[in-house]
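Just so we're on the same page: letters track the sequence lines, and every chain starts at 1.
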Amino acid sequence: MTNGNLLDKAYNPHDVEKRWYKFWEDENLFAAKEESGQRSYSIVIPPPNVTGVLHMGHALNNVLQDILCRYRRLRGDNVLWMPGTDHAGIATQNVVEKKLSKEGTDRHRLGREKFIEEVWTWREKYGSAIIHQLKRLGASCDWNRERFTMDEGLSKAVRKVFVQLYNEGLIYQGSYIINWCHRCHTALADLEVEHEEVEGNLYHIRYPFPSGEGGITVATTRPETMLGDTAVAVNPEDERYAALKEISVVLPLMNRLIPIIRDRYVDLSFGTGALKVTPAHDPNDFEIGKRHNLPAVKVIGDDGKMTEEAGKFKGLDRSECRKALTEELKNAGLLEKVIPHRHNVGHCYRCRTMVEPNLSKQWFVSVKPLAEKAAEAVRNGKTRIIPDMWNKTYFDWIDNIRDWCISRQIWWGHQIPAWTCEACGKLIVSMETPETCPGCGAKQLIQESDVLDTWFSSALWPFSTMGWPEDTALLRTFYPTSVLVTGFDILFFWVARMMMMGIHFMGDVPFEDVYVHALVRDEEGKKMSKSTGNVIDPLSVIEKYGTDAFRFTLAAFAAQGRDVRMSEKRVEGYRHFVNKLWNAARFALMNLPEAGPHPEKQTDIISLPDRWILSRLCKVTDAVAQGLDAYRFNDAAAAVYQFVWHEFCDWYLEAVKPALYGKQGAQKQAASVRVLERVLRDTLILLHPFMPFITEEIWHKLPGTKGSVMKAVFPSDAPDAATVLSDADAESEMGLLISVITGIRNIRGEMNISPSLELDAVVQSGDEAVRKTLSEHRDIVTNLARIASLSVQVPGEKPKAAATAVADAVTIFIPLEGIIDFDREIERLEKEILKTANELTASSKKLSNEDFLSKAPADVVAKVREKQELFIEKRQKLQSNLDRIKGIELK
RNA sequence: GGGCGGAUAGCUCAGCCGGGAGAGCAUCGGCCUUACAAGCCGAGGGUCACAGGUUCGAUCCCUGUUCCGCCUACCA
């Protein structure tokens, strides 16, 4: 009769996870259809670095995407989740260079071509590590479509975009101040510089007048740059310098005459009001220099050492130079003072080295025209950013955007498709490698050695991965993508740039929604970092607690706009939930016929708990759908958690046991078997997006199911969904039983009565419907409250020496002749009365307030009135019970 | 400098359109009730950061303050 498919006593995730992941891949269940009659749903993965190993941020990011993808599949969508990695130019080059250095060589000795080969070899070996790790999370990406930003197709897209933007005048080359990292030996975009406050000094240096008498004192945090000064600037409104007759000063140590200029940029209130101008080493000075036609003298070289122009300081490292130079100034009596000064200094986001603003010839994208459209698309709702507080951040940045430096002086990346003719100097930008110079026909063409910023190729990700620039079926089916799921840390780096490129090249936004999730922090709210030593490795968590528990934890804590604080303890809690589900299934399987439930029969009598749980299932299904549709993962997770544990397990399974055991006849048993199976089956579907492994495992054990749970239909869309109906009567009747049972349990608990002691209970109610419900479901109450008998009465004579409780319109009596502890019962009732009285004062206060009565909406007033009456009645009953107990005790 | 977010039970956090303060964990008491001790039953615990304001009514809306966290910025 019962099912032979019994489960182990505890859930063991390890082999289950491996088995089902392989099954899904073998069955091709993650595959998107290029064309289908279904609704399309697509997500492109934020490509992790090839050098990356999975951290908590990836885990959260990908689990949320997987939840969405699995959910949409259950809703019947044709889902594409496009996976891949990016080539992480600087980071990868650094890693491989480190490896070479260990081997006693370096990239220059290898040469460019050999070095690139080395990187590819490295990638073959280690580059897929993170992909395997994503699989451990259960990620249901369409792996057959995995992409890499350096793939041929994607590289072609990069070249096409570069050439087109160049031809449109949106890419230009020029000498500007850029951020230079001496360690990575490359230019960086403004975004790639991280500002950090450091303790520095403000050096006050006097620049004498040519006459030798007097001078102007300037203040600087980087004294070594003075060697490249080409002017001193003061504000034209500055009265201190208004009467100044001198037109130049002598640059100390260099003995060069430099002009005194007047520029509104200079801040009157800072330092001495005089600014040294170094156009080659400061972005503002560069601008001032342009305005005043000043020469730019580069004194710090790309290698971090002082150049020829630095005179006798040539060849010194910049920090050595600072030391030597300030020493000399001091000796010359020109260093007036040095005061400590906190200020922000830029650091390379890849290697933390201090970056140097440096004049350099680079390639730039003129982003303003692109950015305007990207801003507009969010303003007019074409793309929604969720939660919307990020809109402001997005606009702040994109509305104030500056040109994007896209060239990098490294080798690993997309080499810029530009060539210079050695003969005539002509610049050729072209998709294909040119054979001859179109200008002079010469064959000596030299390709630009710089490569493009990695983000330049990532910006094309939503369409380059789908085959662009070809017109592919994939693009037609899945572009624009449905949602981008990402952390806010790359909102500018990546999201904004994808918006710009998508709109420009596809004529449409790259995604309808952008869901910005939080950062994962440690349990104290600190950012996880290797140096702090507070990182939790997601894989070790999975190893210890199972993927499903881990995933559910992430979902449950992924509230919008809030960081996720991760600790193993929390995962442990949700492992208990996984196990709870497991055991509920185990129980079900013990009670379901092997062949599955019989089909519905007219003669089946569906019981109150059956109707109730179906109604609850209906509600929780809605809640999960609403939660996921609105990216409220925590709401969805909480709803299903509450349902499974506290409704299905705590109440339904307990209430339905007698029927399942056949104690109420074959008809009720058949109905309950059917409902039990149905509810468990739907629950598995609801939980599947969160906990794919255990749900698949149970699904396969459950009689009556076939194939993968991934092919199931989300309950509310299922063809037989009509049988799961919201049922207000069932909910209120069951609610009554629950409060009566809880009342009895409360008495037992508070009175410290052993559960083994068989009690009788009497309930009295003036409401006939209430009495009817209680009588009809007497067995449920006796079972769940563990009492021997339940007598349902109209209010009348009250049992003597009884403990009492009031539940809704019911007074509960537990006769405790001989064992009642009067003091304890009096204390209990007084506590209850106090609670009720407190509620009562709150509502009385409102009802005695004229303003409330006249101004509050009628339904609110009615509600308070109703509540008031209920509390009055409850208090009366409690009070009379208390009086009786006191009377009995006195005797 | 500009901006954003947070402050709710011992801890971590929910709380949507203003109308009875919730969950999980932890704590305390009682249970080996044959799906689950990774469990079951029950209980205690909060001036919703502070000060004003709007409102009949504020955890929620407005203003200010304090304390955290983050983002951004070309004051040398």
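- In summary, the aromatic rings of Tyr574(A) and Tyr641(A) are positioned with their centroids under 6.0 Å apart.
- Taking atom CG of residue Asp635(A) and atom C1' of nucleotide G15(B), one finds them 9 Å apart after rounding to whole Å.
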Please write out each protein N/O paired with an N/O of nucleotides 7-9 of chain B under 3.5 Å, distance rounded to 0.1 Å.
residue: A7(B); atom: OP1; partner: Arg562(A); partner atom: NH2; Å: 3.4

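- In this structure, of U72(B), C75(B), A76(B), it is U72(B) that holds the atom nearest to the side chain of Phe492(A).
- In terms of modelled atom types and a separation under 3.5 Å, the side chain of Arg575(A) and the main chain of Gly546(A) share no donor-acceptor contact.
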Counting primed atoms, P, OP1 and OP2 as sugar-phosphate and everything else as base, the B/S/- map of nucleotides 35-47 of chain B against protein heavy atoms under 4.0 Å is BBSBSSSSSS---

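- Under the Watson-Crick and G-U wobble criteria, each requiring two contacts below 3.5 Å, nucleotide G20(B) is left unpaired.
- We find that CG of Asp267(A) is positioned 6 Å from C1' of C75(B), with the value rounded to whole Å.
- In this structure, Phe690(A) has its ring center under 6.0 Å from that of Phe552(A).
- With rounding to whole Å, Lys276(A) atom NZ is found 14 Å from C75(B) atom C1'.
- Base pairing of A38(B): no nucleotide in any strand meets the Watson-Crick or G-U wobble criterion (both distances under 3.5 Å).
- The CG-C1' distance, from Asn634(A) to G15(B), rounds to 11 Å in whole Å.
- OP1 or OP2 of C74(B) sits under 4.0 Å from a side-chain N or O of Arg402(A).
- Salt-bridge annotation for Glu356(A) and Arg222(A): present, with a side-chain N of the basic residue lying under 4.0 Å from a carboxylate O of the acidic one.
- At G15(B), one or more side-chain N or O atoms of Arg632(A) fall inside 4.0 Å of OP1 or OP2 (strictly under the cut-off).
- Between the side chains of Tyr661(A) and Asn591(A), no donor-acceptor pair is found at a separation under 3.5 Å.
- Between A14(B), G3(B), U12(B), one nucleotide has an atom nearer to the side chain of Asp396(A) than all others, and that is G3(B).
- For A14(B), there is no paired nucleotide, since no Watson-Crick or G-U wobble pair has both relevant distances below 3.5 Å.
- Nucleotides A9(B) and C4(B) have their C1' atoms positioned 28 Å apart, rounded to a whole Å.
- Within 90° of 0 lies the glycosidic angle of C17(B), which makes this nucleotide syn.
- Checking C32(B) for Watson-Crick or G-U wobble geometry (two distances, each under 3.5 Å) identifies no partner in any strand.
- In this structure, CG of Asp190(A) is placed 7 Å from P of C74(B), rounded to the nearest angstrom.
- Between the side chains of Glu336(A) and Tyr203(A), no donor N or O sits under 3.5 Å from an acceptor N or O.
- With C1' as the reference atom, U55(B) and C61(B) are 10 Å apart, rounded to whole Å.
- C11(B) and C17(B) are spaced 28 Å apart, taking the P atom of each and rounding to whole Å.
- Applying side chain to side chain contact (heavy atoms under 4.5 Å, CB included) to Met751(A) and the options Leu816(A), Asn746(A), Ile814(A) leaves one that passes, Leu816(A).
- Residue contacts for Val218(A): at a heavy-atom cut-off of 4.0 Å it reaches no nucleic acid atom on any strand shown.
- Side-chain nitrogen and oxygen atoms of Lys392(A) include at least one within less than 4.0 Å of the OP1 or OP2 phosphate oxygen of C4(B).
- As rounded to the nearest Å, A7(B) and C25(B) have P atoms that lie 22 Å from one another.
- Nucleotide C75(B) holds its C1' atom 20 Å from the CZ atom of Phe286(A), rounded to whole Å.
- Counted by atom type alone, Asn179(A) and Asp190(A) present one or more donor-acceptor pairs between their side chains at under 3.5 Å.
- Two residues are said to be in side-chain contact when any heavy atoms from C-beta on lie closer than 4.5 Å; Leu60(A) and His517(A) meet this criterion.
- To the nearest 0.5 angstrom, Met354(A) atom CE is 9.0 Å from Glu196(A) atom CD.
- For Trp390(A) and Phe488(A), the gap between ring centers is short of 6.0 Å.
- Nucleotide C50(B) has G64(B) as its partner under the Watson-Crick or G-U criteria, with both atom distances under 3.5 Å.
- Residue order along RNA chain B, read from the 5' end via each residue's closest nucleotide, puts Asn849(A) first among Asn344(A) and Asn849(A).
- Using atom C1' as the reference point in both C70(B) and G24(B), the two lie 27 Å apart (nearest Å).
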Should Thr683(A) and Val644(A) be marked as a side-chain contact (heavy atoms from CB on, under 4.5 Å) after you check the CA-CA gap, both sets of side-chain angles, and the distance that decides it?
CA-CA 8 Å; Thr683(A) 302; Val644(A) 169; 3.4 Å; yes

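- Taking atom P in both A14(B) and G57(B), one finds a spacing of 30 Å when rounded to whole Å.
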Can you pull every protein N or O that's under 3.5 Å from an N or O on nucleotides 19-22 of chain B?
residue: G20(B); atom: O2'; partner: Glu839(A); partner atom: OE1; Å: 3.4

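- Using a 4.0 Å heavy-atom criterion, one finds that Tyr265(A) contacts the bases of the nucleic acid, with or without backbone contacts as well.
- Atom CG of Asn391(A) and atom P of G3(B) are 17 Å apart (whole Å).
- Checking His343(A) against Tyr574(A), the closest nucleotide of RNA chain B that is more toward the 5' end is the one next to Tyr574(A).
- For the C1' atoms, the distance from C28(B) to U65(B) is 40 Å, rounded to whole Å.
- With rounding to whole Å, Glu287(A) atom CD is found 16 Å from A73(B) atom C1'.
- For the P atom pair drawn from C40(B) and A23(B), the interatomic distance equals 16 Å after rounding to whole Å.
- Of the nucleotides present, none pairs with U55(B) by Watson-Crick or G-U wobble criteria with both distances under 3.5 Å.
- Results of the side chain to side chain contact (heavy atoms under 4.5 Å, CB included) test with Leu676(A) over Val656(A), Ile613(A), Leu660(A) single out Leu660(A) as the only residue that passes.
- Atoms OG1 and CZ, on Thr393(A) and Phe395(A) in that order, are 10.5 Å from each other to the nearest 0.5 Å.
- Look at Glu832(A) and Arg875(A) and you find no salt bridge, because none of the NZ, NE, NH1 or NH2 atoms lies under 4.0 Å from a carboxylate O.
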